Amino acid sequence: MTTPTAPSVPSGPATSAQRWLAQTRFETATILGHGEQLLVALVLPVLALVGMALTDVPDLGPGRRIDVATAGVLALAVVSTAFTGQAIATGFDRRQGVLRFLGVGPLGREGLIAGKLGAVGLVILVQLVVLGGVAAVLGWRPEPAGVLPALVTVGLGAAAFLALAMLLAGTVRAEGVLALANLVWVLLLGLGILLPTDRLPDGVAGLARVLPSGALGDGMRLALVEGGWPLAQWLVLAGWTLAAGLGAARWFRWSD
Amino acid sequence: MSAVEVARLSRVVGGVRAVDDSTWSAGSGEVTAVLGPNGAGKTTTMECLEGLQRPTSGTARVLGTDPWRASAEHRARVGVMLQDGGLPVTTTARRLLHHVARLHSGPADVSALMERLELDRVADRPVRRLSGGERQRVALAAALVGRPEVAFLDEPTAGLDPHARLEVWDLLRETAVDAAVVVTTHSFEEAERIADHVVIMNAGRVVAEGSLAEVCEGRPLEERYFALTVGTRG
């Protein structure tokens, strides 16, 4: 019988690029093959889009309804993947020792993070294409000048919510992460993601504008509906990325 | 220099001295069995050697390198099987092992490894649907797929049926031809059948180290073990 593991020629790590791409591929396939994640990433946003397009509640304010609704739904998709999906997956990976196992191998902690960034980016790309396609069928016509700032907003929003997901997943027990990530997802729907912050009551609107949800939702609407550059919202998102990223770097525990 | 060197290692966790001034080594071409009661410091020592924990004092060296924050080059030369498995449960064994293989430049033949560990029959089931013994074999395969020069295996045969245990013992002996294999175990039979070198820990300290014959001093390992770890039985 042969020995499959005999190190006749010493083994080494694959190159950094190969490791990071492999992890991106692995994580992306895990997300897209996971029914619950697909529900949150695609099915619920599609339902929200169709629901808002075919009714006139809630009041979304000025602008073509389908354009305003689509901008909000694209923001929701970002939150679903970068925050809810990643927080829950990472929380359970931490509980099951997956982070420790992959962290001590050639992938390492930096590879785990690179893989998450890559996978979140790819899945969001898939979401933008699918949701954009559904919205186009429903009559969505984005402002061409706003496409570039919208993509920047998506990138900054994904970074902020991924950093928040890592902070939550690395500091709270897996069951707690599951409960909190879902609760936050629901709460944020009404705090600037689907509903423009200027539709909210005065006290709440001020709060929502400095939350990453309000900044992401308003940023997407300003870009895609009006063709504007949402500089103030980018500043808010960058601030949350920095704060949550520093918090995660400081408090993230690799073991449960 | 030995492939694995633990020198005056101490590790304090939450005010408790989990490992206390511990010194031992493990050589290439050998299986080293680390025995000791629960809480003796075996897993903590292994985690210091794997780079998961940082020693409070003393040193841990693997292939001449400090494992704490070691490079990818070093990590690729070391295979690790954690006590809690560390397997993603939603993926299949086949997908996971091919993924881990892709992280190495010259991995083992995944199909041959799965066949050797009798995993091909269950390779396309999600890990969460595997039995404890099957998961254990997946974790072992994941530790060996990078053809490591040093393998740290925390209780590799716990929960395995007798047939699987024999197969794993054969595989570990063969792996140890070119590598240092360090296993923790509670099984005297396992240590007696596969170990060249034995380390017995008790309350964080090394109470015996040497070849199996040296540690046993002509008596059964079980008898020596209980004599050396007296006061902790039960």
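Chain naming here is simple, since letters A, B, ... match the order of the sequence lines and numbering starts at 1 in each. Computed from heavy atoms alone, side chains included, the values below leave out hydrogens, waters and symmetry copies. Remember, it's a predicted structure, so these values are computed and weren't measured experimentally.
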Closer than 4.0 angstrom, basic N to acidic O: yes or no for [X] and [Y]?
X	Y	value
B/Arg173	B/Asp196	yes
A/Arg95	A/Glu175	yes
B/Arg193	B/Glu189	yes

With chain B as the partner, which of A/Ala22, A/Gly111, A/Ser16 has the greatest number of non-hydrogen pairs under 4.5 Å?
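Heavy-atom pair counts peak at A/Ala22.
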Any idea which of A/Gly108, A/Pro106, A/Gly97 has the most non-hydrogen atom pairs under 4.5 angstrom with chain B?
A/Pro106
According to the interplanar angle, ranging from 0 to 90°, do the rings of A/Phe161 and A/Phe83 count as parallel (below 30°), tilted (30 to 60°) or perpendicular (above 60°)?
perpendicular
Relative to chain A, which segment of [X] carries a heavy atom at a distance below 4.5 Å: side chain, backbone, both, or neither?
X	result
B/Leu87	backbone
B/Arg128	neither
B/Ala142	both
B/His104	both
B/Val89	both
B/Val177	neither

How many angstroms lie between CH2 in B/Trp24 and CE in B/Met201, if you round to the nearest 0.5 Å?
8.0 Å
Backbone N/O of A/Ala41 and side chain of A/Thr81: donor-acceptor pair under 3.5 Å
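Side chain of A/Thr81 to backbone of A/Ala41: no pair is present.
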At a heavy-atom distance under 4.5 Å, which candidate from B/His74, B/Arg95, B/Gln83 has the highest pair count against chain A?
B/Arg95
Pick from A/Thr153, A/Ile193, A/Leu128, A/Leu216: which one makes a side chain to side chain contact (heavy atoms under 4.5 Å, CB included) with A/Leu74?
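That would be A/Leu128.
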So, the part of A/Glu110 with a heavy atom under 4.5 Å from chain B: the answer is side chain
Using non-hydrogen atoms and a 4.5 Å limit, figure out which bit of A/Ala29 sits close to chain B: side chain, backbone, both or neither.
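Both the backbone and the side chain of A/Ala29 come within 4.5 Å of chain B.
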Heavy-atom side-chain contact between B/Leu96 and A/Phe26 under 4.5 Å:
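In short, these two side chains touch, coming nearer than 4.5 Å.
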